[in-house]
Amino acid sequence: MPSSPKIPKELILKTALDLLIENGYGNVTIKAVAERMNSSTQPISWHFGSMNGFRKALAEYALSYANEKMKPVSKNSVTAFTEIGSAYIDIAFDMPHLFKYLYLNEGSDYCAGTFETFVSAVNNPGIIRETADFFRISDEKAVEYLSNTVIYSHGLLALVVSGVLKADRQTVRDKINNAGFAFLSQAGGDTEKAAKADNRLLPPRN
């Protein structure tokens, strides 16, 4: 049995992710990754066995990377939700190839992210309960508000990263802010309390 290669698995995956972020998923090949590392393809084959194994490992690595980027700092679920949303916007603008790969299914069967995975976070009982309590609405209305905000945000960002809509980061943030406030109002939430909150997806009212 051949000895293990000197190039670690983590370095290979990081290099592949860098290529994906820079040039898109379609340009990530074993040969391209090997060339970026000034190596032969042997270490990649040794670690992953096949292109299929390599792409699956990359999907998991890319999703973990994005999830870490969107990991909230606040322990408060209401604020944490807005932190996740803010990071989601940043990924779309700073790493559009990664956004398309994970959330627009560019990775096909290998993609481990998908929009459905992101939306499922709305079903977190803690987020629902704290959101309902904070805005003085029922759990059902909290889910409605959270889901509508996520769906609107995703749809808007999908248009931007696909080049269908031209908009800068601040414009997108403003649109999502306004939509989030409208969805909260529609759900019967306490908009006066929201206006006073330090909540980046809910703009202050005049």
Side-chain angles (χ1 to χ4, degrees), residues 10-28 32-33 36 54-124 126-127 131 145-181 183 198-203:
E10 175 76 16
L11 177 59
I12 295 172
L13 290 172
K14 182 181 183 304
T15 302
L17 180 60
D18 288 343
L19 283 171
L20 189 158
I21 291 172
E22 293 170 17
N23 304 318
Y25 174 71
N27 293 293
V28 179
V33 173
R36 174 65 69 93
F54 171 65
R55 291 193 183 281
K56 285 184 177 180
L58 174 59
E60 294 173 0
Y61 188 81
L63 180 60
S64 177
Y65 174 84
N67 285 343
E68 187 62 29
K69 287 283 185 181
M70 293 192 295
K71 189 175 182 179
V73 175
S74 176
K75 300 299 182 182
N76 177 280
S77 292
V78 175
T79 303
F81 178 68
T82 68
E83 290 176 350
I84 293 171
S86 181
Y88 196 58
I89 294 170
D90 288 338
I91 288 176
F93 276 91
D94 298 334
M95 295 170 278
H97 289 306
L98 179 63
F99 185 95
K100 287 187 285 186
Y101 172 69
L102 289 176
Y103 307 118
L104 298 184
N105 205 29
E106 190 182 77
S108 188
D109 294 336
Y110 298 103
C111 181
T114 77
F115 175 59
E116 287 74 17
T117 301
F118 187 71
V119 171
S120 68
V122 171
N123 295 321
N124 182 296
I127 292 178
T131 299
Y145 154 66
L146 293 168
S147 298
N148 285 342
T149 302
V150 169
I151 291 169
Y152 177 87
S153 301
H154 176 79
L156 180 59
L157 290 169
L159 291 173
V160 172
V161 299
S162 299
V164 176
L165 177 67
K166 301 296 182 184
D168 59 33
R169 193 184 317 238
Q170 188 56 51
T171 297
V172 168
R173 287 187 185 280
D174 290 343
K175 287 183 177 295
I176 293 176
N177 284 344
N178 292 333
F181 202 99
F183 291 138
D198 181 17
N199 195 315
R200 285 169 290 176
L201 294 186
L202 296 172

Nearest heavy-atom approach of I91 to M70 is CD1-CG, 3.8 Å
Just so I know, are the side chains of Y25 and H97 near enough to count as touching, which here means a heavy-atom distance under 4.5 Å?
no
Between S77 and G126, what is the shortest heavy-atom contact and its length?
OG-O, 3.7 Å
Does the side chain to side chain contact (heavy atoms under 4.5 Å, CB included) test come out yes or no for I89 and R169, once each step is laid out?
CA-CA 8 Å; I89 294 170; R169 193 184 317 238; 4.1 Å; yes
Does the T79 side chain pair with the main chain of N76, one donor and one acceptor, at a distance under 3.5 Å?
no
Pair L146, T149 - check side chain to side chain contact (heavy atoms under 4.5 Å, CB included), show working.
CA-CA 5 Å; L146 293 168; T149 302; 5.9 Å; no
Distance, nearest 0.5 Å, that separates OH of Y145 from CZ of F183
10.0 Å
By ring pair (Phe, Tyr, Trp, His ring centres under 6.0 Å), which residues pair with F54, not counting sequence neighbours?
F48
May I ask you to say whether R36 pairs ionically with E22, meaning some side-chain N is under 4.0 Å from a carboxylate O?
yes
Criterion side chain to side chain contact (heavy atoms under 4.5 Å, CB included) on E60 and Y65, from CA distance to verdict
CA-CA 9 Å; E60 294 173 0; Y65 174 84; over 6 Å; no
Taking atom types as modelled and ignoring hydrogens, do the side chains of D168 and T171 form a donor-acceptor contact shorter than 3.5 angstrom?
yes
Under the side chain to side chain contact (heavy atoms under 4.5 Å, CB included) criterion, do L157 and Y103 qualify, and how do the steps go?
CA-CA 10 Å; L157 290 169; Y103 307 118; over 6 Å; no
Please confirm whether the backbone N or O of S74 pairs with a side-chain atom of E83, one donor and one acceptor, at under 3.5 Å?
yes
Using a 3.5 Å distance criterion without hydrogens, assess whether the side chain of T131 forms a donor-acceptor pair with backbone atoms of I127.
yes
What one should report as the nearest heavy-atom pair of I176 and S153 is CG2-OG, 3.4 Å
Per-pair distances, 0.1 Å, donor-acceptor, side chain in residues 14-21, under 3.5 Å, sequence neighbours excluded:
unit_1: K14; atom_1: NZ; unit_2: D18; atom_2: OD2; d: 3.2
unit_1: T15; atom_1: OG1; unit_2: L11; atom_2: O; d: 2.8

Which heavy atom of V160 sits nearest to which heavy atom of A167, and what is that distance?
CG1-O, 4.2 Å
With rounding to the nearest 0.5 angstrom, report the OG to NZ distance, S162 to K100.
6.5 Å
Contact between L104 and F99 at the side-chain level, heavy atoms closer than 4.5 Å - yes or no?
yes
To the closest 0.5 Å, what do you measure between CD1 (I151) and NE2 (H154)?
9.5 Å
Should the pair D94-K69 be classified as a salt bridge under the 4.0 Å nitrogen-to-oxygen rule?
no
Row check, F93 ring normal vs R173 NZ/CZ: under 6.0 Å, within 45°:
no
